[in-house]
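The structure appears below as C-alpha cells.
Counting begins at 1 with the first residue of the sequence.
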Amino acid sequence: MRNRLMIALIMTILIAGKGVASAKEDQMEVIEPYIAEFNYTPVANNPPGSAVVTFAVAKVDFFSADVTPKGSWSDQLKAIGKLDVQDDKMAWFAFPQVANFPVKFRRAIAEVLYANGFDIKGPYESYDVIPPAYRKMIDFYLTPKIKLAFSVSHVDKPGTLTEKVEVNGTVILEIREMKSKDLIWTMELPIQKMELISEMKPSFYTMTKYNGIMNDVAKGLEQQLPSIMNSIASAVAPSEMKALKKGSATRKGKTAY
C-alpha cells in the first residue's frame, strides 16, 4: 500500500512539474513583426520637365549587414534563415518588417526626381529590359544602394539577456550614362544612427528577439525617410545634372572623332 502511495505521489509531482514547465513555455514573450509602410509624398520644387534631363531609376541594391562582434548572432540568424551564408552577414532586408522598402524607396526616389523637374521613365526591372527606343530618350540610369552595419554590446542586467544595438547605414547613389553605362557620378548619404536595446528572458524565441530588433530598425528607417529624401533632392540638383548631361554630350562628340 505504501509503495502504491509513493508511486502515486511521485507521479503527481512529475505531472505538476511538467505543468509548471509548460506554463513557463507559454509565458515566453512573442513579438509580432511591425510591417513598415514607408509612405512618402514629395514637395514639388520645379515644374515638370524643367530640368530637361530624363532618368530611369534601378531597383534598390541592398548589402548584407556586418555584425560586430558576431557572437551568437551568426548561429541565431542562421537558425531563422536570415543569414547570408556566402559572407556570414545579416540579411536584414529579408525580414518582413522591411518588405515594402525596396518598392517604396525606389518609387520615392523617382517621385523626388520628378518633383525636382526631371523626367522619369520606367520602372524597369533591369537595364536589359528597357526597350532600345526608350534608351535613346533616357539620359541617366540611377541606382540606389543601401548598407547597414550592426554593432552589438552586452549589457549586464541580472535575469536577462540584454544587448545594446547600434545601427549605422549609408545610402549610395550611382548615376551612369544610359547608352554607355559608364559611371559618371556617385554620392554617399549617411543614415542617422539608430540605438536600441534588446532585452530577453533567459528562455526566448529567437524570432522574437530579432522581430524586436528589426521592428525598431524598420520604424527608424520609416521615420528617417523624409530627411533621406530631402538629402537626395538636394544632392541630385537640376543644375548639376544638366552639366553632367552636357559633359556626356561632349564626351560622345570626342569619341565620334
Side-chain angles (χ1 to χ4, degrees), residues 32-45 48 53-65 80-84 89-131 134-135 137-150 167-176 178 181 186-192 194 207 210-211 213-236 241:
E32 297 297 333
Y34 167 79
I35 311 300
E37 292 292 337
F38 298 107
N39 292 325
Y40 175 74
T41 303
V43 177
N45 295 318
V53 176
T54 301
F55 277 94
V57 181
K59 291 194 298 184
V60 184
D61 192 359
F62 293 98
F63 292 87
S64 298
I80 60 175
K82 298 297 187 291
L83 182 73
D84 188 338
K89 295 183 179 181
M90 180 180 182
W92 63 274
F93 46 81
F95 282 85
Q97 287 88 337
V98 292
N100 294 319
F101 199 30
V103 172
K104 293 292 186 69
F105 191 62
R106 181 189 190 185
R107 182 183 303 167
I109 291 175
E111 290 177 348
V112 162
L113 293 177
Y114 184 78
N116 253 9
F118 298 104
D119 289 317
I120 304 297
K121 297 294 183 184
Y124 304 104
E125 288 305 300
S126 69
Y127 176 91
D128 295 331
V129 303
I130 301 175
Y134 279 17
R135 291 182 192 178
M137 302 165 60
I138 299 170
D139 299 301
F140 300 132
Y141 192 66
L142 186 151
T143 303
K145 302 181 177 183
I146 297 181
K147 291 182 178 180
L148 291 185
F150 291 71
V167 186
N168 290 282
T170 306
V171 174
I172 303 168
L173 303 178
E174 292 183 350
I175 294 178
R176 296 178 180 273
M178 188 63 205
K181 293 197 289 186
T186 184
M187 179 167 286
E188 295 189 9
L189 304 170
I191 295 173
Q192 184 178 351
M194 293 171 272
M207 186 57 79
Y210 289 98
N211 270 345
I213 291 170
M214 285 306 300
N215 281 357
D216 287 343
V217 171
K219 290 175 183 177
L221 290 173
E222 191 174 44
Q223 291 168 1
Q224 290 189 51
L225 187 60
S227 63
I228 292 172
M229 289 299 111
N230 288 338
S231 296
I232 291 175
S234 298
V236 189
M241 295 302 110

Do [X] and [Y] have side chains that get closer than 4.5 Å, going by heavy atoms?
X	Y	value
Gln223	Met194	no
Ile130	Met178	yes
Ile191	Gln224	yes
Arg176	Tyr127	no
Phe38	Leu221	yes
Arg106	Pro123	yes
Pro190	Thr170	no

Going from [atom1] on [X] to [atom2] on [Y], what distance comes out if it is rounded to the nearest 0.5 angstrom?
X	Y	atom1	atom2	answer
Leu189	Met229	CG	CE	9.0 Å
Phe93	Leu148	CZ	CG	10.0 Å
Tyr141	Ile175	OH	CD1	13.0 Å
Met207	Ile80	CE	CD1	4.0 Å
Lys121	Arg135	NZ	CZ	15.0 Å
Asp84	Lys89	CG	NZ	8.5 Å

Which atom pair, heavy atoms only, marks the closest approach of [X] to [Y]?
X	Y	answer
Pro144	Ala58	CD-O, 3.5 Å
Ile138	Ala56	CG2-N, 3.8 Å
Pro33	Asn211	CD-ND2, 3.7 Å

Exercise. Hey, mind stepping through Asn215 and Glu32 against side chain to side chain donor-acceptor pair (under 3.5 Å) and telling me if it holds?
Worked result: CA-CA 9 Å; Asn215 281 357; Glu32 297 297 333; over 6 Å; no
Exercise. Is the side chain of Lys59 donor-acceptor paired with the backbone N or O of Ser126 at a distance under 3.5 Å, no angle test?
Worked result: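 It does not hold such a pair.
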Problem set entry | Asn168 (side chain) donor-acceptor with Ala149 (main chain) under 3.5 angstrom |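 Side chain of Asn168 to backbone of Ala149: no pair is present.
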Exercise. Is the charged tip of Lys82 near the ring of Phe95: under 6.0 Å from the six-membered ring centre and within 45° of its axis?
Worked result: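 Yes, Lys82 lies over the aromatic ring of Phe95.
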Atom pairs and distances, side-chain donor-acceptor, residues 107-118, under 3.5 Å, sequence neighbours left out:
unit_1: Asn116; atom_1: OD1; unit_2: Asn45; atom_2: ND2; d: 3.0
unit_1: Asn116; atom_1: ND2; unit_2: Ala233; atom_2: O; d: 2.9
unit_1: Asn116; atom_1: ND2; unit_2: Val236; atom_2: O; d: 3.2

Exercise. Would one find more than 12 heavy atoms of other residues, nucleotides or ligands at under 6.0 Å from atom OH of Tyr134?
Worked result: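 12 or below, so no.
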Problem set entry | Residues forming a side chain to side chain donor-acceptor pair (under 3.5 Å) with Lys147, sequence neighbours excluded |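 None.
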Exercise. So Trp92 and Phe62, would you call those rings parallel, tilted or perpendicular, with 30° and 60° as cut-offs?
Worked result: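 Because their plane-to-plane angle is over 60°, the rings of Trp92 and Phe62 count as perpendicular.
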